[in-house]
Amino acid sequence: MNDGSIRTAPFPPGEDFVLGSDAAGNDLFGQLMSAGQGTLLLVLMIVAVRFILAVPLAYFGRKQKGIFHQGIHLLNQLFSFMPLLIGMIFFMTIPFVISSEYRMLFVFIGIVLFELGRTAVTVQESFHQVRQKSFMETPTMIGSSRWTVWRKYYWRHIRSSLIVLFCLDISKMMMLLGQLGFFAMFISMTFAVNDLGEPIAINAFETWPTLLSNARTHIPNEMWVIFWPSLAIAVTSLIFFSIGNALKNMQQTTS
C-alpha cells in the first residue's frame with residue numbers, strides 16, 4: 001500500500017477486485033461466474049433425475065393402492081423423520097461415503113432419494129385427482145390404449161402442476177446446497193496434508209455453496225467473502241420460487 005503497510009488476502013471490493021477476493025486472493029467475481037454453471041447444472045440434474053423417478057412411481061400408484069403406492073409412502077416416511085439438512089449431513093459424513101472415490105455419485109443419489117418419496121407422493125395425489133374426474137370414463141368406453149390415456153388425459157392435465165413443482169424444487173434444492181456449503185459439506189472432495197502433517201479435505205467441484213465453506217472464519221471482518229455467494233444462491237432460489245408461484249397463480253386463475 002502507499003503507506004508502506006502490507007495487505008494480505010482477503011482483499012475488500014475495490015479497483016483490483018470488483019467484489020473483493022477470498023482468503024487465497026482469488027477474484028470473487030471470476031469465481032462466481034465460473035462456479036455458476038456448475039451450480040445450476042448440479043441442481044437441475046438432481047431435480048430432473050428425482051422427477052424422472054417420481055413421475056412413473058406416482059403414475060403406477062395413482063389408484064392409491066398396491067405395491068407402488070405402498071413403496072412411495074414407505075420411502076416418504078423413511079426419509080421424512082428427520083430434517084433434510086441433518087439427514088444429508090449424516091449421510092455425507094458416513095466413513096464409506098467420505099473415503100469413496102465415487103463420493104460425488106453417492107451424494108448425488110442420496111440427495112435424490114431423500115426427497116424422492118415426498119415428490120412422488122405429491123405427484124401421486126395429482127394423478128389421483130385427475131383419475132377422479134368424470135372425463136376419465138371416456139377412454140375406458142372407447143377402448144383407448146394406455147399410451148393414449150397417458151398422453152391425452154393424464155399428461156395433458158398434470159404437466160402444468162409438474163412444472164410448478166419442478167421450479168419450487170429447484171428453489172428448495174438451491175437453498176439446501178447453500179446450507180451444506182456453509183457446513184463445508186462438499187459434494188466431491190480430495191484429501192491432502194497441511195503443513196502440520198494433518199489430513200485436510202479439499203473441495204473438488206466448485207459451486208456457489210462451496211465458496212461458503214470457510215464462512216465462519218470471515219465473520220464479521222470480511223463479510224464480502226460470504227455475502228456475494230450467499231446473494232447468488234438467494235437470488236437464484238427466489239427467481240425459481242417466484243416463477244413457480246406465478247405459474248401456480250396462473251393455473252388457479254384459469255381453472
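Under the rule for a salt bridge (charged side-chain N to carboxylate O under 4.0 Å, His left out), the partners of Arg50 that lie at least two apart in sequence or sit in another chain are Asp169. Looking at residues two or more places apart in sequence or on another chain, you find a side-chain hydrogen bond (donor to acceptor under 3.5 Å, both in side chains) between Ser34 and Glu206. Partners of Lys248 according to the salt bridge (charged side-chain N to carboxylate O under 4.0 Å, His left out) rule, which considers only residues two or more places apart in sequence or in another chain, do not exist here. With sequence neighbours left out, the ring pair (Phe, Tyr, Trp, His ring centres under 6.0 Å) criterion links Phe240 to no other residue.
Phe114 and Phe79 have tilted rings, their planes meeting at an angle from 30° to 60° on a 0 to 90° scale.
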Considering only distance and modelled atom types, tabulate donor-acceptor pairs under 3.5 Å from the side chains of residues 105-113, sequence neighbours left out.
none

Side-chain polar contacts of residues 64-73 - donor-acceptor pairs under 3.5 angstrom, sequence neighbours left out - could you list them?
{"unit_1": "Gln64", "atom_1": "NE2", "unit_2": "Glu125", "atom_2": "OE1", "d": "3.2"}
{"unit_1": "His69", "atom_1": "ND1", "unit_2": "Gln124", "atom_2": "NE2", "d": "2.8"}
{"unit_1": "His73", "atom_1": "NE2", "unit_2": "Gln124", "atom_2": "OE1", "d": "3.2"}

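Cluster membership check: Leu32 does not share its hydrophobic cluster with Leu238, using side-chain heavy-atom separations under 4.5 Å among Ile, Leu, Val, Met, Phe, Trp and Tyr. Under a hydrophobic clustering in which Ile, Leu, Val, Met, Phe, Trp and Tyr are joined whenever their side-chain heavy atoms come within less than 4.5 Å, directly or via other members, Met33 and Phe227 fall into the same cluster. Under the 4.5 Å side-chain contact rule for hydrophobic residues, Met88 and Leu78 share a cluster. Clustering ILVMFWY residues whenever any of their side-chain heavy atoms sit less than 4.5 angstrom apart, transitively, puts Ile52 in a cluster other than the one holding Leu162. Hydrophobic clustering places Val235 together with Leu212 (ILVMFWY residues linked when any side-chain heavy atoms are closer than 4.5 Å, directly or through intermediates).
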Steps toward side chain to side chain contact (heavy atoms under 4.5 Å, CB included) verdict (Val149, Tyr154): CA-CA 7 Å; Val149 173; Tyr154 282 110; 3.7 Å; yes

Would Thr39 and Met174 satisfy side chain to side chain contact (heavy atoms under 4.5 Å, CB included), going step by step from the backbone distance to the final call? CA-CA 8 Å; Thr39 304; Met174 186 67 69; 3.8 Å; yes

Take Lys172 and Glu115 through the side chain to side chain contact (heavy atoms under 4.5 Å, CB included) test and state the conclusion after the steps. CA-CA 11 Å; Lys172 183 177 181 179; Glu115 288 283 89; 2.8 Å; yes

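Checking side-chain atoms of Thr210 against main-chain N and O of Thr207 turns up a donor-acceptor pair under 3.5 Å. Side-chain atoms of Trp228 come within 3.5 Å of backbone N or O of Leu19 as a donor-acceptor pair. Within the 3.5 Å criterion, the main-chain N or O of Tyr59 finds a donor-acceptor partner in the side chain of Arg62. At least one donor-acceptor pair closer than 3.5 Å links the side chain of Ser99 to the backbone N or O of Pro95.
We find the CG-CG distance between Leu84 and Leu176 to be 4.5 Å, quoted to the nearest 0.5 Å. The CE atom of Met250 sits 13.0 Å away from atom CG of Asn245, with the distance rounded to the nearest 0.5 Å. Rounding to the nearest 0.5 angstrom, the gap separating the CZ atom in Arg103 from the CD1 atom in Ile94 is 10.0 Å. With rounding to the nearest 0.5 Å, the separation of CD in Gln179 from CG in Leu85 is 5.0 Å. Atom-to-atom distance recorded for Ser80:OG and Asn76:CG is 4.5 Å, nearest 0.5 angstrom. Distance CG/Leu231 to OG1/Thr236: 8.5 Å, rounded to 0.5 Å.
Taking a 6.0 Å sphere around CZ of Phe29, one finds it holds 12 or fewer heavy atoms contributed by other residues, nucleotides or ligands. Within 6.0 Å of the CD atom in Gln37, the count of heavy atoms belonging to other residues, nucleotides or ligands does not exceed 12. By the 6.0 Å contact criterion, CZ on Arg156 is open, its count of non-hydrogen atoms from other residues, nucleotides or ligands being 12 or less.
Between Phe186 and Phe205, a ring centre-to-centre spacing not shorter than 6.0 Å is recorded.
Contact annotation: the side chain of Gln31 never approaches that of Trp208 to less than 4.5 Å [non-hydrogen atoms, C-beta and beyond]. Put simply, the side chain of Leu247 does not reach to within 4.5 Å of the side chain of Ser160, judged on heavy atoms. Taking the side chain as every heavy atom from C-beta outward, Leu180 and Leu177 approach each other to under 4.5 Å. Annotation: side chain of Val123 is not in contact with side chain of Leu57 (no heavy-atom distance under 4.5 Å).
Listed here is the closest heavy atom pair of Gly87 and Met82: CA-SD, 3.2 Å. The two atoms that bring Met175 and Ser237 nearest to each other are CG-OG, 3.2 Å, heavy atoms only. Considering every non-hydrogen atom in both Thr119 and Ala54, the closest pair reads CG2-CB, 3.8 Å. Contact between Ile243 and Cys167 at its shortest, heavy atoms only, is CG2-SG, 3.9 Å. Listed here is the closest heavy atom pair of Thr93 and Met185: CG2-SD, 3.9 Å. Here the closest non-hydrogen pair linking Leu211 and Pro229 is CB-CG, 3.7 Å.
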